[in-house]
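A short worksheet on the structure shown next.
Computation of the quantities below employed the complete heavy-atom set of this structure, encompassing side-chain atoms and omitting hydrogens, waters and symmetry-equivalent molecules. The first residue of the sequence shown is numbered 1, and numbering continues consecutively from there.
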Amino acid sequence: MEVKELKCTNGILKVYEDKVVISRKTAMGFISQGLKGDKVFFYYDLSSVEYKKPSMLANGYMKFITAGTKETKQNIGFLGATTKEALKDENTLILRAFNKEVPNESEKLYHYILSKIEASKKTESSGSSSAEEIMKFKKLLDDGIITEEEFEKKKQELLK
(Lines give C-alpha, C1' and ligand atoms only; values in the text may rest on other atoms or scores of the structure.)
Protein backbone atom coordinates (compact mmCIF):
# COMPACT_ATOMS: atom_id res chain seq x y z
CA MET A 1 0.00 0.00 0.00
CA GLU A 2 1.38 3.39 -1.03
CA VAL A 3 1.79 5.93 1.75
CA LYS A 4 2.65 9.01 -0.32
CA GLU A 5 3.81 10.20 -3.73
CA LEU A 6 5.95 13.28 -4.36
CA LYS A 7 6.52 14.74 -7.83
CA CYS A 8 10.12 15.83 -8.25
CA THR A 9 11.96 17.57 -11.07
CA ASN A 10 13.56 14.40 -12.45
CA GLY A 11 11.05 11.76 -11.43
CA ILE A 12 8.45 10.70 -8.89
CA LEU A 13 9.13 9.44 -5.39
CA LYS A 14 6.66 6.77 -4.27
CA VAL A 15 6.84 5.90 -0.59
CA TYR A 16 5.40 2.61 0.65
CA GLU A 17 5.31 0.90 4.02
CA ASP A 18 8.24 -1.41 3.15
CA LYS A 19 10.08 0.42 0.37
CA VAL A 20 10.59 3.56 -1.70
CA VAL A 21 10.39 3.63 -5.49
CA ILE A 22 11.95 6.16 -7.84
CA SER A 23 9.94 6.37 -11.05
CA ARG A 24 11.36 8.29 -14.01
CA LYS A 25 7.99 8.59 -15.76
CA THR A 26 8.22 12.36 -16.19
CA ALA A 27 9.66 14.45 -19.02
CA MET A 28 12.79 15.44 -17.05
CA GLY A 29 13.08 11.90 -15.69
CA PHE A 30 13.28 10.63 -19.26
CA ILE A 31 15.73 13.37 -20.29
CA SER A 32 18.05 12.76 -17.34
CA GLN A 33 17.78 8.96 -17.06
CA GLY A 34 16.50 7.68 -20.40
CA LEU A 35 14.20 4.66 -20.58
CA LYS A 36 15.17 3.17 -17.23
CA GLY A 37 12.51 1.37 -15.24
CA ASP A 38 11.55 2.09 -11.67
CA LYS A 39 14.23 1.81 -9.00
CA VAL A 40 13.14 0.09 -5.78
CA PHE A 41 14.84 0.47 -2.39
CA PHE A 42 13.65 -1.65 0.53
CA TYR A 43 14.24 0.16 3.81
CA TYR A 44 16.49 -2.59 5.17
CA ASP A 45 18.80 -2.14 2.15
CA LEU A 46 19.23 1.61 2.68
CA SER A 47 22.17 2.90 4.70
CA SER A 48 20.89 6.47 4.84
CA VAL A 49 19.21 9.30 2.97
CA GLU A 50 20.82 12.64 2.13
CA TYR A 51 18.34 15.49 2.11
CA LYS A 52 18.40 19.21 1.38
CA LYS A 53 15.10 20.99 1.84
CA PRO A 54 14.03 23.00 -1.22
CA SER A 55 13.20 26.67 -0.95
CA MET A 56 11.70 29.20 -3.32
CA LEU A 57 15.25 30.33 -4.20
CA ALA A 58 17.11 27.03 -4.39
CA ASN A 59 16.42 23.43 -5.34
CA GLY A 60 16.75 20.66 -2.82
CA TYR A 61 17.34 16.95 -3.23
CA MET A 62 16.81 13.52 -1.72
CA LYS A 63 19.49 10.90 -2.33
CA PHE A 64 19.18 7.27 -1.29
CA ILE A 65 22.41 5.73 -0.01
CA THR A 66 23.06 1.98 -0.16
CA ALA A 67 26.23 -0.05 0.29
CA GLY A 68 28.37 0.63 -2.77
CA THR A 69 26.63 3.90 -3.72
CA LYS A 70 28.87 5.92 -6.00
CA GLU A 71 29.41 9.41 -4.62
CA THR A 72 28.32 12.31 -6.83
CA LYS A 73 28.28 16.01 -6.12
CA GLN A 74 24.79 17.21 -5.36
CA ASN A 75 25.34 20.84 -6.28
CA ILE A 76 21.89 22.30 -6.10
CA GLY A 77 22.31 25.96 -6.75
CA PHE A 78 20.66 29.28 -6.32
CA LEU A 79 17.52 29.98 -8.39
CA GLY A 80 17.06 26.37 -9.39
CA ALA A 81 20.43 25.70 -11.00
CA THR A 82 21.30 21.99 -10.73
CA THR A 83 24.46 20.29 -11.99
CA LYS A 84 24.16 17.68 -14.75
CA GLU A 85 25.94 15.24 -12.44
CA ALA A 86 23.19 15.63 -9.82
CA LEU A 87 20.47 15.16 -12.46
CA LYS A 88 22.09 11.99 -13.80
CA ASP A 89 22.52 10.34 -10.38
CA GLU A 90 20.05 7.44 -10.48
CA ASN A 91 19.61 7.47 -6.68
CA THR A 92 18.79 11.20 -6.45
CA LEU A 93 15.58 13.14 -6.92
CA ILE A 94 15.72 16.92 -7.35
CA LEU A 95 13.15 18.85 -5.32
CA ARG A 96 11.76 22.22 -6.41
CA ALA A 97 9.60 24.40 -4.21
CA PHE A 98 6.84 25.19 -6.70
CA ASN A 99 4.60 25.94 -3.75
CA LYS A 100 4.75 25.93 0.06
CA GLU A 101 3.65 22.29 0.25
CA VAL A 102 6.68 20.76 -1.51
CA PRO A 103 9.22 21.69 1.21
CA ASN A 104 6.85 20.55 3.97
CA GLU A 105 5.84 17.30 2.26
CA SER A 106 9.41 16.43 1.29
CA GLU A 107 10.60 16.99 4.85
CA LYS A 108 7.81 14.80 6.27
CA LEU A 109 8.67 12.05 3.81
CA TYR A 110 12.37 12.36 4.64
CA HIS A 111 11.66 11.85 8.36
CA TYR A 112 9.24 9.00 7.59
CA ILE A 113 11.88 7.24 5.46
CA LEU A 114 14.53 7.74 8.15
CA SER A 115 12.19 6.23 10.76
CA LYS A 116 11.54 3.23 8.50
CA ILE A 117 15.30 2.72 7.93
CA GLU A 118 15.92 2.94 11.67
CA ALA A 119 13.08 0.52 12.43
CA SER A 120 14.38 -1.98 9.89
CA LYS A 121 17.86 -1.83 11.44
CA LYS A 122 16.47 -2.34 14.97
CA THR A 123 14.33 -5.25 13.84
CA GLU A 124 17.32 -6.76 12.05
CA SER A 125 19.65 -6.54 15.03
CA SER A 126 17.52 -7.06 18.11
CA GLY A 127 13.85 -7.04 17.22
CA SER A 128 11.66 -4.27 18.60
CA SER A 129 8.67 -4.59 20.85
CA SER A 130 5.11 -4.18 19.64
CA ALA A 131 4.67 -1.19 21.97
CA GLU A 132 7.63 0.62 20.36
CA GLU A 133 6.28 -0.08 16.90
CA ILE A 134 2.82 1.18 17.85
CA MET A 135 4.38 4.37 19.25
CA LYS A 136 6.22 4.95 15.95
CA PHE A 137 3.02 4.53 13.97
CA LYS A 138 1.18 6.85 16.37
CA LYS A 139 3.79 9.53 15.62
CA LEU A 140 3.23 9.01 11.88
CA LEU A 141 -0.51 9.37 12.45
CA ASP A 142 0.01 12.56 14.49
CA ASP A 143 2.25 13.96 11.74
CA GLY A 144 -0.45 13.30 9.14
CA ILE A 145 1.66 10.82 7.16
CA ILE A 146 -0.70 7.87 7.65
CA THR A 147 -4.46 7.75 8.16
CA GLU A 148 -6.36 6.65 11.26
CA GLU A 149 -7.45 3.52 9.36
CA GLU A 150 -3.82 2.63 8.48
CA PHE A 151 -2.77 3.19 12.11
CA GLU A 152 -5.52 0.95 13.49
CA LYS A 153 -4.76 -1.78 10.96
CA LYS A 154 -1.06 -1.76 11.84
CA LYS A 155 -1.82 -1.68 15.57
CA GLN A 156 -4.05 -4.75 15.25
CA GLU A 157 -1.31 -6.58 13.30
CA LEU A 158 1.27 -5.79 15.97
CA LEU A 159 -0.99 -6.84 18.85
CA LYS A 160 -1.60 -10.32 17.40
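- Under a hydrophobic-cluster definition in which Ile, Leu, Val, Met, Phe, Trp and Tyr are linked whenever side-chain heavy atoms come within less than 4.5 Å, directly or via other members, Met135 and Tyr43 are assigned to different clusters.
- In this structure Phe41 satisfies the ring-ring contact (aromatic ring centres under 6.0 Å, His included) test together with Phe64, sequence neighbours excluded.
- In this structure, OG in Ser106 is found 3.0 Å from OH in Tyr51, a value given to the nearest 0.5 Å.
- Sorted by first and then second residue, the salt bridge (charged side-chain N to carboxylate O under 4.0 Å, His left out) pairs involving residues 137-148 (not counting sequence neighbours) are Lys138-Asp142, Lys139-Asp143.
- With rounding to the nearest 0.5 angstrom, the NZ atom of Lys63 is 9.5 Å from the OG1 atom of Thr66.
- Ion pairing between Lys121 and Glu118 fails under the 4.0 Å rule for side-chain N and carboxylate O.
- The neighbour count for Lys14 NZ, taken as heavy atoms of other residues, nucleotides or ligands under 6.0 Å away, is above 12.
- Residues meeting the side chain to side chain donor-acceptor pair (under 3.5 Å) test with Tyr112, sequence neighbours left out: none.
- Around atom NZ of Lys19, more than 12 heavy atoms belonging to other residues, nucleotides or ligands sit under 6.0 Å away.
- Residue Asn59 comes nearest to Lys52 through the heavy atom pair O-NZ, 3.2 Å, listed as atom of the first residue, atom of the second, then distance.
- Asp45 contributes no side-chain N or O that, together with a main-chain N or O of Val40, makes up a donor-acceptor pair within less than 3.5 Å.
- Side-chain contact check for Lys136 versus Glu133: some heavy-atom pair is nearer than 4.5 Å.
- Criterion: ILVMFWY side-chain heavy atoms under 4.5 Å apart, direct or through other members. Under it, Val102 and Leu57 are not part of a common hydrophobic cluster.
- Interatomic distance, CG of Leu93 versus CG of Asn10, reported as 5.5 Å (0.5 Å rounding).
- Taking SG from Cys8 and CG from Leu95, the interatomic distance works out to 5.0 Å, rounded to the nearest 0.5 Å.
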Evaluate the criterion side chain to side chain contact (heavy atoms under 4.5 Å, CB included) for residue pair Ile113 and Met62; output intermediate values, then yes/no.
CA-CA 11 Å; Ile113 292 166; Met62 195 174 299; 4.0 Å; yes

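- Lys39 places no side-chain N or O within 3.5 Å of a backbone atom of Asn91 that could act as its donor or acceptor partner.
- Note: Leu46 CG to Lys116 NZ = 12.5 Å, rounded to the nearest 0.5 Å.
- Residues meeting the side chain to side chain donor-acceptor pair (under 3.5 Å) test with Glu107, sequence neighbours left out: Lys53.
- For Ser47, the side chain to side chain contact (heavy atoms under 4.5 Å, CB included) test picks out Ile65, with sequence neighbours left out.
- Taken from NZ in Lys154 to CD in Glu17, the straight-line distance is 5.0 Å, to the nearest 0.5 Å.
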Stepwise, does the side chain to side chain contact (heavy atoms under 4.5 Å, CB included) test hold for Leu140 with Phe137?
CA-CA 5 Å; Leu140 295 173; Phe137 283 96; 4.0 Å; yes

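- Salt bridge annotation for Lys155-Glu152: present, with a cationic side-chain nitrogen under 4.0 angstrom from a carboxylate oxygen.
- When the side chain to side chain donor-acceptor pair (under 3.5 Å) test is applied to Asp38, the partners found at least two apart in sequence or on another chain are Ser23.
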